[in-house]
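Have a look at the structure below, then the notes.
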Amino acid sequence: MAQFSFAFPKPGTKKLLVGATLGAALAIPALLAGLLVFLVPMVNKPLLDAFIREKLGHVPATWVGTQWVYAAALFLAGIAMFTFAAITGGIFSWYERRVAARIQSRIGPNRVGVAGFLQWIADAVKLLFKEDLVPGEADAMLFRAAPYFVVAGMTLVLVALPAGQAIVVADLDVGIFYILAVTSFIVVGILLSGWSSNSKWSLFGAIRATAQVVSYEVPAGLAILVPVLMAGTLSTQGLIRAQGGWPWEWFFFRNPAAAVAFFILFISQLAEGNRTPFDLAEAESELVAGYFSEYSGFRFALYFLVEWANLWIIGAVATTLFLGGWQIPGVSAQTWASVRGAGSFPAFGWWALQFVSLGIFAVKTLFLVNVVIWIRWTLPRIRIDQMMNLCWKYLVPAGFAAMLFTLVWQMVATWAPIVEKITALVVFAATVWVTWRFLQQTRKNVSLIAHERVDLSNW
Amino acid sequence: MNPALQSYFPLAVVIVLAVILGLTLLGLANLLGPRRPNEAKSSPFEFGSRPSGLGRDRFDVKFYLLALLFVVFDVEAVFMYPWAVSLGDLGWPSFVVMAVFGATLVVGLVYVWKKGAIDWSRE
């Protein structure tokens with residue numbers, strides 16, 4: 001194994017680089033968390049009314065500026081969510097390349113900053129300075145418009161996606177249904193880009209991607225029905241409030257069919273996000289880059305931004321629906337209310353708890369993101385007929401069955417709540433045991449090939 | 001403002017923001033990037049050789065069939081959402097109605113399956 005040496009010109013430069021990377025690695029998550037925790041909960045009618053009354057000295061009901069304050073607060077919260085999505089998308093692009101390198105016994109990006117941490121910023125800046133080509137025979141207007149649809153499909157989801165007890169831009173009463181609906185914008189963008197490019201690769205990629213995304217929307221819709229039936233609401237925050245902090249209070253463990261629905265939803269989301277093993281649409285070995293083959297410069301970058309920002313969305317939707325969302329173990333709705341206090345603005349403890357809830361939500365979501373990346377670099381791409389079979393012959397019937405079982409289960413749970421409790425504990429214990437066995441086996445496998453492992457200390 | 005519309009007000013703001021975001025990023029790229037088009041760059045990518053035939057080629061009819069299937073089953077899912085939310089209030093009669101509706105669709109799925117519409121590799 002050849003050793004790559006990375007000699008810096010001066011020790012001083014190296015120190016500077018380490019400092020810059022560490023600074024960025026600490027400051028960026030802190031900034032994002034701060035933005036989410038202190039800005040987004042303020043977008044709340046009672047809080048804004050109190051703000052107008054006490055800080056601005058106007059009566060909210062009659063003052064003309066009230067709507068403008070609402071709009072400004074929403075704008076700030078929207079910008080906070082966008083910043084969050086763009087930056088996590090960027091960091092995931094670096095993280096995925098590092099993980100891929102590890103899985104494939106390579107080193108991966110390691111030049112820009114320590115461990116290549118600043119690579120994603122360098123990539124974005126590079127793409128910003130590239131020529132934005134429009135192919136000669138392309139339908140220029142549709143070609144230029146397509147990335148907007150893709151970006152809208154990603155950013156609109158963020159409006160209803162929670163990240164903490166009060167951290168959601170708008171808690172719509174049709175929340176999860178709305179998320180399902182606006183994700184379809186991405187299909188429109190894909191079709192537009194494929195058709196307008198006037199390239200065979202783009203067209204075939206777009207048609208395949210549309211067939212795939214559209215097919216997997218059916219099992220995803222059926223799987224989401226299961227938590228909706230259990231909670232009796234579509235609001236994302238309502239779904240989380242119907243669950244609890246402890247694992248055996250999550251929907252995933254409370255109902256065996258919900259565990260099945262979780263896997264159906266997870267597989268469907270992989271397919272909808274065009275992630276391996278469902279990346280037929282952009283199969284490099286057959287279709288160049290699929291529907292965005294003809295794109296260059298920053299338009300190309302937007303497709304990738306959406307792909308990686310979608311990683312967070314995949315994890316966050318599954319966490320919201322099945323894994324208890326931001327619920328903190330042992331903290332009930334009464335605790336939240338008492339910590340908040342009776343004043344017009346929440347007390348300090350409330351803000352601290354918001355941080356904890358954001359942390360819990362982020363840990364669950366990042367765990368799922370890791371699973372998605374791990375799957376991508378482990379499984380080969382499946383064929384299109386296998387993909388269609390999996391969707392229509394397995395996932396759709398399984399989704400129907402899970403929904404029917406949930407109906408019966410809900411009746412049993414209302415009639416004898418103890419059944420639900422015992423099942424939750426049993427399923428939870430079984431999951432812990434399976435995880436434990438899995439980790440043991442992995443450790444054994446790794447130790448078997450320990451002598452063949454490549455030295456990656458030069459990161 | 002209408003209170004019903006009030007809860008959707010954030011969406012309007014965010015749509016505006018999303019468009020602004022796209023415009024800013026692409027506008028910035030337009031300002032900073034070079035602009036030197038030539039014939040080779042503007043022809044569709046076909047591994048360096050001259051493009052043969054139309055860019056917008058014909059594709060398999062199976063994709064249309066799939067789109068039809070999607071419409072049927074996705075609309076069905078749309079109908080199930082409001083029912084799932086209000087099941088607690090509506091009780092058994094609504095359950096029976098939805099069971100009939102769902103059974104019809106399962107029969108449809110079985111029919112499509114037997115007809116081979118979802119067998120992708122069939123010639």
Side-chain angles (χ1 to χ4, degrees), chain A residues 67 70-71 74-75 78-79 82 127-137 147-148 151-152 155-156 159 169-170 172-173 177 195 197-201 203-204 207 211 214-215 217-218 221-222 225 228-229 232-234 288 293-294 297-299 302 384-385 388-389 392-393 396-397 400 407, chain B residues 1 6-11 13-15 17-19 21-22 25-26 28-30 32-37 39 41-47 51 53-57 59-60 62-63 66-67 69-70 73-74 77-78 80-81 84-88 95 102 105-106 109 112-113 118-121:
Chain A
Q67 293 294 341
Y70 291 169
L74 273 171
F75 237 85
I79 289 173
F82 283 6
L127 284 166
L128 213 52
F129 283 94
K130 290 283 175 184
E131 187 173 2
D132 182 16
L133 282 170
V134 178
E137 285 167 68
Y148 287 94
V151 171
T155 48
L156 282 176
V159 177
V169 177
L172 303 173
D173 39 5
F177 191 58
W195 177 256
S197 296
N198 188 40
S199 160
K200 295 175 189 104
W201 310 118
L203 181 67
F204 292 151
I207 295 291
V214 139
S215 298
E217 230 157 74
V218 177
L222 289 172
L225 266 174
V228 169
L229 276 169
T233 174
L234 287 170
V288 189
S293 301
E294 295 291 337
F298 217 74
R299 271 176 226 280
L302 285 182
I384 190 162
D385 60 315
M388 288 297 162
N389 276 348
W392 291 99
K393 295 188 180 170
V396 172
F400 265 119
L407 280 174
Chain B
M1 196 188 284
Q6 188 106 51
S7 64
Y8 292 95
F9 182 56
L11 301 191
V13 175
V14 170
I15 288 174
L17 250 176
V19 173
L21 175 82
L25 285 174
L26 292 176
L28 212 60
N30 242 343
L32 298 172
R35 193 154 286 276
R36 286 187 286 277
E39 205 190 329
K41 276 191 209 164
S42 69
S43 73
F45 179 74
E46 275 183 35
F47 303 105
L54 284 172
R56 302 194 173 95
D57 220 336
F59 50 86
D60 207 313
K62 282 183 288 202
F63 287 102
L66 192 79
L69 280 180
F70 160 72
F73 284 96
D74 211 45
V78 170
M80 278 181 175
Y81 275 89
V85 173
S86 49
L87 185 68
F95 177 73
L105 278 153
V106 170
L109 182 65
V112 172
W113 192 331
I118 45 181
D119 289 326
W120 203 258
S121 49

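Sequence lines set the chain letters: A, B, ... in the order given, protein chains first and strands last, and positions in each chain run from 1. These numbers come from the heavy atoms of this one structure, side chains and all, not from hydrogens, waters or symmetry mates.
Distance check, rounded to the nearest 0.5 Å: CD1 of A:Ile79 to CG of A:Leu74 gives 11.0 Å. A:Thr155 OG1 to B:Ile15 CD1: the interatomic distance, rounded to the nearest 0.5 Å, is 9.0 Å. To the nearest 0.5 angstrom, A:Tyr148 atom OH is 9.5 Å from B:Leu21 atom CG. Taken to the nearest 0.5 Å, the CE atom of B:Met80 stands 6.5 Å off from the CG atom of B:Leu105.
Looking at A:Val151, the atoms closer than 4.5 Å to chain B (heavy atoms on both sides) all sit in the side chain, from C-beta outward. Contacts between A:Ile207 and chain B at a heavy-atom distance below 4.5 Å involve backbone atoms as well as side-chain atoms. Within the 4.5 angstrom heavy-atom criterion, atoms from both the backbone and the side chain of A:Leu225 approach chain B. Contact of A:Phe75 with chain B is made through backbone and side chain together, with heavy-atom distances under 4.5 Å.
Ranking B:Pro34, B:Ala18, B:Ala77 against chain A, the residue ahead of the rest is B:Pro34, based on heavy-atom pairs under 4.5 Å. In terms of non-hydrogen atom pairs under 4.5 Å with chain A, the most contact-rich of B:Leu26, B:Asp74, B:Val14 is B:Leu26. Residue with the most contacts toward chain A among B:Val19, B:Leu25, B:Leu32: B:Leu32 (heavy-atom pairs, distance under 4.5 Å). Per-residue heavy-atom pair counts under 4.5 Å with chain B were compared for A:Ala170, A:Pro135, A:Pro147, A:Ser197, and the maximum is reached by A:Pro135. Options A:Leu234, A:Val169, A:Asn389 differ in how many heavy-atom pairs under 4.5 Å they form with chain B, and the most are formed by A:Leu234. For the options A:Gly78, A:Gly232, A:Pro397, heavy-atom pairs under 4.5 Å to chain B are most numerous at A:Gly232.
A centroid separation of less than 6.0 Å is found between the aromatic rings of A:Trp392 and B:Phe73.
Residues passing the ring-ring contact (aromatic ring centres under 6.0 Å, His included) test with A:Phe177, sequence neighbours excluded: B:Tyr81. When the ring-ring contact (aromatic ring centres under 6.0 Å, His included) test is applied to A:Phe129, no partner is found at least two apart in sequence or on another chain.
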